[in-house]
Novice: 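Sending over a structure as structure tokens; questions will come in a sec.
Here the structure is a predicted model, which is why all the values come from computation and not from measurement. Hydrogens, waters and symmetry mates play no part in the numbers below; they use all other heavy atoms, side chains included.
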Amino acid sequence: MSTALATTSPSALPEKFANPLLQIKGVLAQPAVRRSLPMAMLVALIGAAALAWMTLSTPTQKTLFTGLTDADKQAVTSALTQANISSHIDDGTGALTVDEDQFSKARMLLAGQGLPKQAPGGYAILDQLPMGVSRAVEGERLRQARETELARSIEDIDAVAEARVHLATPEASVFVRDNASPSASVVVKLQGGRALSQAQVQSIINLVASSVPGMKPESVTIVDQMGALLSKPGAGGADATGDARLEMQRKTEDKVRQQLVQLLTPLVGAGNFTAEVQADINLDETQATRESYEKQGALRAETGNWVGNQAGGPATPGGIPGALSNTPPPASQLQTPQAANGASGAPAAEPTPVAGGPAPNPNKQSDSFQRAYDLGKEVSVTRQTPGSVKRLSVAVLLRDPDKSRRTAMEIGQITDLVKSAVGFDQARQDQVTVISRKFADAAGDADGPAWYDNAWLPVLARNATAIVIALLVLLLGVRPLAKGLMKKREDATEPSATALAGPAGSPAADGITVHESVSLDRLEATQTVDDRIGAVRGFTRDNPARAALAIRDMIKADAK
């Protein structure tokens, strides 16, 4: 008794219960568990195969509609079920999904039946106005209809998936100081991977502002689904100038790049070259005014007078006859004329008689003139239009042939062609670089999509997985279970076969009277065929020599 207690000492109990592996091995070593283990493995494999099949056999789902009402969901689901199209409704988002390969068929089917029947929107809301509504309700319905129509118009833009418009239209007042201009807010949900250009944003602003009386484009705000502000205030400021510079630079680079593609494609072939262009655009506007005068002027006006002797011959005698009346006048004397005060030009002096020239006028004594001259005046205004190219840089990379390399002369000829095509100007310090190298992975890029991007690969993977799971169930589940059942049946028939063979030392065991224990009469005495087969099989397995002797005796007995 003390020995038994010593074997179950407290030191051994914690180790047995503390190690889970020993516990699992102990449970599996039990006869009942060992007999039921093949059936449990079979059930587990069948469950795993069913779970894997349900997971892999379900095709990829694609969203058909989102945000449907319950009535529309019921109508759409019924229509799809009648057409043998499986559909699913997500419990979290409420989206209605169908198989990806049946998406187009489902859309066409529902469109033909006029589903889903969404609530009326736009100006159709006004048709449901009951009689006798208040002016406030009528105004709200009109504003809601206008918002819906504007949202539908904005959704027609290719990059816009959904749009919502909120209008703030204050009440009109008879007082000018109380009048407020209306405003609008637009929320757009863009397509995946798409973006609105500044021109499209400006188009949406003008569309909304033109649809509401009294609204200015500055009062329209546009926001995308990420919360980014698309309508930039001060569109004519520095930001607009920067955007215009980038847009003009992009257009210039695209134009030059297209010229290079048209030039080099017939020469080296498509895909055998790549070209990059960097253009520095000058958007500075310059104005200049210039005035110039000619050296020689033109006479504009002349004023003055001159004094001289009376014209004609000697004075005719006149007066009272007498001695004094017949006296001749004294001889005239020339005087130098003086310049008039305030004259802009110098007075014309009497020319000095020159030899061989015309004689001076003897009747002209003095003169005084005032002359004004106009000088030639030229006014030139020069305005330099922005958008000229300040500097151009072009880089062209050619692909070397497979079995040779391009010569320096060939590269030089291509360089001259590129310079002529892009309008190379040395005064602007333009740069043109042309080199020839081997391209990396040029053959792999031209093969098309990779094998794992094909559409048939998911279908093949699902079918192959289902076949593999079925084989695993057969090999790992059904086959061991069948073997276990057959072994149990053989073990059950072993006692009958042993009793048929007889104990050791009996006459049957000595090999002399074996035919007596395994005679036809003894075999026929068994109750069923299965028992007879089991007895013979167990005897044959355990005593092959005796079985051979028994078969020999049976053959001899049949011969007699």
Novice: Starting at CD of Gln61, measure out to CD of Gln102 and round the result to the nearest 0.5 Å.
Specialist: 9.5 Å
Novice: CG of Leu80 to CD of Gln82: how many Å apart, nearest 0.5 Å?
Specialist: 9.5 Å
Novice: Side-chain donor-acceptor contacts of residues 409-421 below 3.5 Å, not counting sequence neighbours, with atom names and distances?
Specialist:
residue: Glu410; atom: OE2; partner: Arg406; partner atom: NH1; Å: 3.1
residue: Thr415; atom: OG1; partner: Ile411; partner atom: O; Å: 2.7
residue: Ser420; atom: OG; partner: Asp416; partner atom: O; Å: 3.0

Novice: Can you tell me how far CG of Leu167 sits from CD of Gln144, rounded to the nearest 0.5 angstrom?
Specialist: 11.0 Å
Novice: Is a side-chain N or O of Glu253 found less than 3.5 angstrom from the main chain of Ala279, in a donor-acceptor match?
Specialist: yes
Novice: Quick one: pull up CG in Leu260 and OG1 in Thr274 and give me the separation to the nearest 0.5 Å.
Specialist: 10.0 Å
Novice: Which atom names give the shortest non-hydrogen contact between Val261 and Phe273, and what distance separates them?
Specialist: CA-CZ, 3.9 Å
Novice: Please examine the side chains of Leu190 and Val160, heavy atoms only from C-beta on, and report whether any two atoms are closer than 4.5 Å.
Specialist: yes
Novice: If you round to the nearest 0.5 Å, how far is CD of Glu247 from CD of Gln249?
Specialist: 10.5 Å
Novice: Who pairs with Asp254 by salt bridge (charged side-chain N to carboxylate O under 4.0 Å, His left out), at least two apart in sequence or on another chain?
Specialist: Arg250, Arg257
Novice: Take Phe65 and Leu110, measure what side-chain contact (heavy atoms from CB on, under 4.5 Å) needs, and give me the verdict at the end.
Specialist: CA-CA 11 Å; Phe65 295 108; Leu110 296 176; 3.4 Å; yes
Novice: Which atom pair, heavy atoms only, marks the closest approach of Pro170 to Ala168?
Specialist: CD-O, 3.5 Å
Novice: Would you call Asp99 and Ser86 a side-chain contact if the rule is heavy atoms closer than 4.5 Å?
Specialist: yes
Novice: Can a donor-acceptor pair be found between the side chains of Gln74 and Ser78 at a distance below 3.5 Å?
Specialist: yes
Novice: With Glu140, which residues qualify under salt bridge (charged side-chain N to carboxylate O under 4.0 Å, His left out), at least two apart?
Specialist: Arg143
Novice: Measuring only between side-chain heavy atoms, which start at C-beta, is Leu196 closer than 4.5 Å to Asp224?
Specialist: no
Novice: To the closest 0.5 Å, what do you measure between OG (Ser197) and CG (Leu230)?
Specialist: 10.5 Å
Novice: Taking it one step at a time, do Asp72 and Leu115 satisfy side-chain contact (heavy atoms from CB on, under 4.5 Å)?
Specialist: CA-CA 7 Å; Asp72 287 339; Leu115 295 176; 5.7 Å; no
Novice: Mind running side-chain contact (heavy atoms from CB on, under 4.5 Å) on Val389 and Ile281 for me, showing each step along the way?
Specialist: CA-CA 5 Å; Val389 179; Ile281 305 300; 4.1 Å; yes
Novice: Would you say the side chains of Thr97 and Asp90 form a donor-acceptor pair under 3.5 Å?
Specialist: no
Novice: Taking all heavy atoms of Ser87 and all of Thr77, pick out the closest pair and write down the distance.
Specialist: OG-CG2, 3.9 Å
Novice: Is any side-chain heavy atom of Arg391 closer than 4.5 Å to one of Gln431?
Specialist: yes
Novice: Give the table of side-chain donor-acceptor pairs shorter than 3.5 Å for residues 208-222, with sequence neighbours excluded, one pair per line with atom names and distance.
Specialist:
residue: Ser210; atom: OG; partner: Asn206; partner atom: O; Å: 2.7
residue: Ser211; atom: OG; partner: Leu207; partner atom: O; Å: 2.7

Novice: Where is the tightest heavy-atom contact between Ala151 and Val165, given as atom of each residue plus distance?
Specialist: N-CG2, 3.8 Å
Novice: On a heavy-atom basis, which atom in Gln191 and which in Asp158 lie closest, and how many Å separate them?
Specialist: CG-O, 3.7 Å
Novice: Quick one: are Glu147 and Arg164 in side-chain contact, heavy atoms under 4.5 Å?
Specialist: no
Novice: Using modelled atom types and a 3.5 Å cut-off, is there a donor and acceptor pairing between side-chain atoms of Asp425 and backbone atoms of Ala427?
Specialist: yes
Novice: Kindly determine whether Ile204 and Ile157 satisfy side-chain contact (heavy atoms from CB on, under 4.5 Å), including the steps that lead there.
Specialist: CA-CA 9 Å; Ile204 296 175; Ile157 300 176; 3.7 Å; yes
Novice: Is Val98 close to Lys105 at the side-chain level, that is, under 4.5 Å between some pair of heavy atoms?
Specialist: no
Novice: Compare all side-chain heavy atoms of Leu398 with those of Asn272 and state whether any distance is below 4.5 angstrom.
Specialist: no
Novice: If a pair satisfies salt bridge (charged side-chain N to carboxylate O under 4.0 Å, His left out) and one of its residues is in residues 430-439, list it, with sequence neighbours excluded.
Specialist: Arg428-Asp430
Novice: Return the set of residues passing salt bridge (charged side-chain N to carboxylate O under 4.0 Å, His left out) with Arg405 (not counting sequence neighbours), or none when no residue passes.
Specialist: Asp400
Novice: Do Phe103 and Thr63 have side-chain heavy atoms sitting under 4.5 Å apart?
Specialist: no
